[in-house]
2 protein chains.
Amino acid sequence: MAVTGIKEVARRAGVSLGTVSNVLNRPDSVAPATRRRVLDAIDELGYVRNDSARHLRAGSSRTVAIVVLDVSNPFFTDVVQGAEAVVEAAGGMLVVCNSGQDPAREGRHLATLEEQRVRGLLITPVENGRHERLERLVDRGIPVVLVDRGSGQLNRCSVAVDDVLGGRLAATHLAELGHRHIAFVGGPASIAQVADRHAGAAAALTEHGGGIELEVVETKALSVTAGRQAAEDICALPQARRPTAIFCANDLLALGVLQGLTIGGLRVPEDISLVGYDDIDFAAAAAVPLTSVGQPREQLGRTAAQLLLEEADTDAAHGHRHVVFQPQLVVRQSTAAPRRRTR
Amino acid sequence: MAVTGIKEVARRAGVSLGTVSNVLNRPDSVAPATRRRVLDAIDELGYVRNDSARHLRAGSSRTVAIVVLDVSNPFFTDVVQGAEAVVEAAGGMLVVCNSGQDPAREGRHLATLEEQRVRGLLITPVENGRHERLERLVDRGIPVVLVDRGSGQLNRCSVAVDDVLGGRLAATHLAELGHRHIAFVGGPASIAQVADRHAGAAAALTEHGGGIELEVVETKALSVTAGRQAAEDICALPQARRPTAIFCANDLLALGVLQGLTIGGLRVPEDISLVGYDDIDFAAAAAVPLTSVGQPREQLGRTAAQLLLEEADTDAAHGHRHVVFQPQLVVRQSTAAPRRRTR
DNA sequence: ACGGGCGCATGAAACGTTTCACAAGGTAGT
DNA sequence: ACTACCTTGTGAAACGTTTCATGCGCCCGT
């Protein structure tokens with residue numbers, strides 16, 4: 001009921017303002033008897049600290065924000081959960097903001113977060129390159145950690161997964177199964193992750209030799225719908241010109257492709273092999289469990305959060321680190337050796 | 001750079017503290033020339049409002065929180081997006097908290113949010129019934145809207161979907177297709193949604209007459225894994241005792257069941273029909289597109305947020321409303337008439 | 001017995017806003 | 001010319017904390 005604060009508690013317990021504050025923040029420096037009295041008063045009054053006042057005084061807050069591209073992509077929800085665990089363990093709070101790939105929305109979020117004087121920021125920026133607003137936050141002393149984005153910048157930490165290697169793994173797997181005609185499905189190519197995964201695949205195939213063809217099918221988005229569409233195009237090809245394997249930049253895409261292929265009457269993996277990327281839970285749960293390139297999603301979030309808190313706690317200049325994880329190929333049932341072509 | 005506030009801006013613009021505040025909050029009450037000068041000063045200094053101070057003074061904040069059971073369930077991410085849209089349009093910020101079905105975690109979140117003096121709270125509580133902490137928030141004057149939970153309580157608004165009706169729709173659909181032996185897969189039964197959906201199905205079948213059997217397969221969770229497990233059990237039954245249709249409490253479950261049936265060599269819908277619930281995007285994208293009971297997920301979130309803001313804006317006592325949406329059956333390819341039993 | 005330390009409690013100052021009562025000057029109405 | 005009012009700007013108070021210099025009493029060691 002009591003909407004008021006520490007003052008009322010102090011009066012009730014018959015102590016001074018400062019003492020109540022001490023009970024709250026440095027309980028050991030208060031005599032047990034006094035402490036008891038204060039705690040009782042707090043209970044009776046139903047007193048709850050006022051965070052705004054606390055942080056106004058303290059200057060910094062205990063909340064950390066994470067800005068993601070798409071809250072409904074399981075990849076990000078897992079990253080969020082990882083970060084959440086670390087932040088909460090440290091007594092903080094993680095607020096999740098969704099930019100939905102929209103730079104304007106991202107901007108609004110950053111503005112609000114700046115006003116809130118958040119403790120730190122985890123972000124997968126919508127756009128690459130210089131980011132004025134982000135620079136400002138950094139200048140202001142708010143630590144920023146880039147998530148799932150290699151960092152050209154040196155003035156902040158970053159956490160990422162080696163997408164080039166991921167692409168290599170997928171392509172090598174297909175090549176070793178004997179595929180000679182592979183399609184890469186993904187897009188838009190402006191997205192760094194997509195470009196890297198493709199580059200990795202291309203490099204691996206070149207090294208592997210044997211003139212393996214890597215055809216690119218560019219999609220508009222990394223979504224299930226986009227994948228289904230791409231699959232339709234592929235089904236329409238005459239069998240001779242049809243790839244025997246598909247590597248998707250993303251599991252959502254791969255699920256769409258799987259669906260499209262099924263509709264088009266092609267079986268996975270008998271007629272065509274399929275590799276996804278991210279290894280989201282739905283990949284394993286698909287009707288044909290997907291072979292996919294796994295990323296340590298939760299760990300990505302955890303590490304990012306750790307780096308952030310570390311930086312936030314370090315008073316002095318802190319050495320910015322760039323952690324890169326290794327992806328891992330998870331082989332399931334969507335890949336197999338190509339059938340002999342009818343000769 | 002300037003870490004300081006309004007004061008410095010005032011000095012630079014050669015005006016008083018109050019004037020700067022007016023420029024920020026009531027620009028019209030300031031002469032254009034003065035306003036210009038102040039705005040310039042703000043720009044040059046890179047001044048950014050301090051939210052803590054503002055809210056300390058104002059008493060209430062502009063952030064609204066939503067506490068969900070599982071951030072990685074697409075159902076909730078859609079609800080969140082709906083709420084987000086409304087809150088952001090109103091100039092507020094939505095913070096997403098994940099209780100992960102854990103009452104303790106939920107409690108910690110609520111404690112923090114109470115300290116933050118959030119403007120309002122959207123929540124799908126982990127447990128039903130009286131909720132001490134929630135009561136406290138309400139007493140404190142923080143509006144609370146229950147999401148996806150019918151409200152026994154009358155001291156707050158709620159937004160829900162009629163789960164009993166949803167159950168009826170699913171069961172009726174199957175009965176009309178000619179199924180005589182149906183299984184309900186879901187659990188734990190303590191979850192209100194699960195119980196309601198089952199109750200609806202049972203009621204509909206009774207009314208439909210013809211002695212249709214409704215068998216219950218209780219699961220431990222509403223997850224893909226749990227569904228796969230349940231499907232294995234069903235596959236193990238001798239054909240004569242095997243249901244010809246399955247109604248799942250949840251799409252995640254249904255996806256798991258679909259996978260389990262496929263592994264077990266049963267085809268959907270030829271051998272067995274399958275109905276899910278929620279109509280998440282992955283349901284439409286499954287290898288066999290799922291018939292499912294759709295809920296207006298985003299609208300659920302939007303409405304909840306609207307109710308909340310409305311309550312927060314109303315000074316006087318406000319009439320608590322309970323909005324109930326109608327679910328809708330979405331028929332896709334996972335349901336069909338049962339094959340004639342081999343006689 | 002005396003000074004130094006230590007343990008505990010105090011109260012005022014400061015954090016950066018917003019608000020509010022008020023002042024100064026100008027304009028208009030009578 | 002006088003009052004009344006409007007427009008624009010002012011500065012102090014208040015919001016609820018935390019922090020810090022200070023004070024008071026007590027014990028201990030010499």
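Order of the sequence lines sets the chain letters (A, B, ...), proteins ahead of strands, with each chain counted from 1.
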Taking [atom1] from [X] and [atom2] from [N], how many angstroms apart are they, rounded to a whole number?
X: A:R49; N: D:dC15; atom1: CZ; atom2: C1'; answer: 17 Å
X: B:L56; N: C:dT18; atom1: CG; atom2: C1'; answer: 10 Å
X: A:L24; N: D:dT19; atom1: CG; atom2: P; answer: 11 Å
X: B:E8; N: C:dG16; atom1: CD; atom2: C1'; answer: 12 Å
X: B:R11; N: C:dG16; atom1: CZ; atom2: C1'; answer: 14 Å
X: A:I6; N: C:dG11; atom1: CD1; atom2: C1'; answer: 13 Å
X: B:H55; N: D:dC15; atom1: NE2; atom2: C1'; answer: 13 Å
X: A:Q116; N: C:dT17; atom1: CD; atom2: P; answer: 14 Å

Can you check nucleotides 5-9 of chain D for protein contacts, nitrogen or oxygen pairs under 3.5 Å, and list what you find?
| unit_1 | atom_1 | unit_2 | atom_2 | d |
| --- | --- | --- | --- | --- |
| D:dG9 | OP1 | B:T34 | OG1 | 2.2 |
| D:dG9 | OP2 | B:A31 | N | 2.9 |

Problem set entry | Which residues share a salt bridge (charged side-chain N to carboxylate O under 4.0 Å, His left out) with A:D102, sequence neighbours left out |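 Result, salt bridge (charged side-chain N to carboxylate O under 4.0 Å, His left out) vs A:D102: none returned.
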Problem set entry | Results of salt bridge (charged side-chain N to carboxylate O under 4.0 Å, His left out) for A:R136 - residues two or more places apart only |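 Here the qualifying residues are A:E114.
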Problem set entry | Which residue lies more 5' along DNA chain D, comparing B:A58 with B:G18 via nearest heavy atoms |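 Nearer the 5' end of the strand: B:G18.
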Exercise. Pick the nucleotide of DNA chain D nearest each of A:A53 and B:R57; which residue has the one closer to the 5' end?
Worked result: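 On the 5' side of the pair lies B:R57.
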Return a table of donor-acceptor pairs under 3.5 angstrom between the side chains of residues 52-68 of chain B and protein atoms on other chains or two or more places apart.
| unit_1 | atom_1 | unit_2 | atom_2 | d |
| --- | --- | --- | --- | --- |
| B:H55 | ND1 | B:D51 | O | 3.3 |
| B:S61 | OG | B:T63 | N | 3.0 |

For this session: Name all residues meeting the side-chain hydrogen bond (donor to acceptor under 3.5 Å, both in side chains) criterion together with A:D148; count only those two or more places apart in sequence or in a different chain, and write none if there are none.
Result: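 Partners of A:D148 by the side-chain hydrogen bond (donor to acceptor under 3.5 Å, both in side chains) criterion, ordered by chain and then number, come out as A:Q193.
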For this session: List for me each residue that meets side-chain hydrogen bond (donor to acceptor under 3.5 Å, both in side chains) alongside A:R108, sequence neighbours excluded, and say none if there are none.
Result: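 For A:R108 there are no side-chain hydrogen bond (donor to acceptor under 3.5 Å, both in side chains) partners, ignoring immediate neighbours.
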Exercise. Does any donor atom in the side chain of B:N25 or B:S21 lie under 3.5 Å from an acceptor atom in the other side chain?
Worked result: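 A donor-acceptor contact under 3.5 Å links the two side chains.
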Exercise. Counting any heavy atom closer than 4.0 Å, what does B:D51 reach on the DNA or RNA strands: base, sugar-phosphate only, or nothing?
Worked result: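 It contacts nothing in the nucleic acid.
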For this session: Respond yes when some side-chain nitrogen or oxygen of A:N25 is under 4.0 Å from OP1 or OP2 of D:dT18, and no when none is.
Result: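 Yes, A:N25 has a side-chain N/O under 4.0 Å of OP1/OP2 on D:dT18.
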Problem set entry | Distance below 4.0 Å between B:S21 side-chain N/O and C:dT17 OP1 or OP2 |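 Answer is no, no contact under 4.0 Å.
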Exercise. Any idea which of C:dT19, D:dT17, D:dT19 is nearest the A:R26 side chain?
Worked result: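 The listed nucleotide nearest to A:R26's side chain is D:dT19.
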For this session: Return the stems involving DNA chain D, sorted by first number, where pairs are Watson-Crick (N1-N3 with N6-O4 or O6-N4) or G-U wobble (N1-O2 and O6-N3), both under 3.5 Å, and runs are 3 or more long.
Result: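 Ordered by first number, the stems with DNA chain D (at least 3 consecutive pairs each) read C:1-30 with D:1-30.
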Problem set entry | B:I123 CD1 to B:S99 OG distance, which is reported to the nearest 0.5 Å |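 If I round to the nearest 0.5 Å, the distance is 7.0 Å.
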Exercise. side-chain contact (heavy atoms from CB on, under 4.5 Å) with A:S16: which residues, sequence neighbours excluded?
Worked result: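 Once residues adjacent in sequence are excluded, the partners of A:S16 under the side-chain contact (heavy atoms from CB on, under 4.5 Å) criterion are A:T19.
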Problem set entry | Residue list, side-chain contact (heavy atoms from CB on, under 4.5 Å) with A:E44, at least two apart or on another chain |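 With neighbours one apart ignored, the set is A:R12, A:D40.
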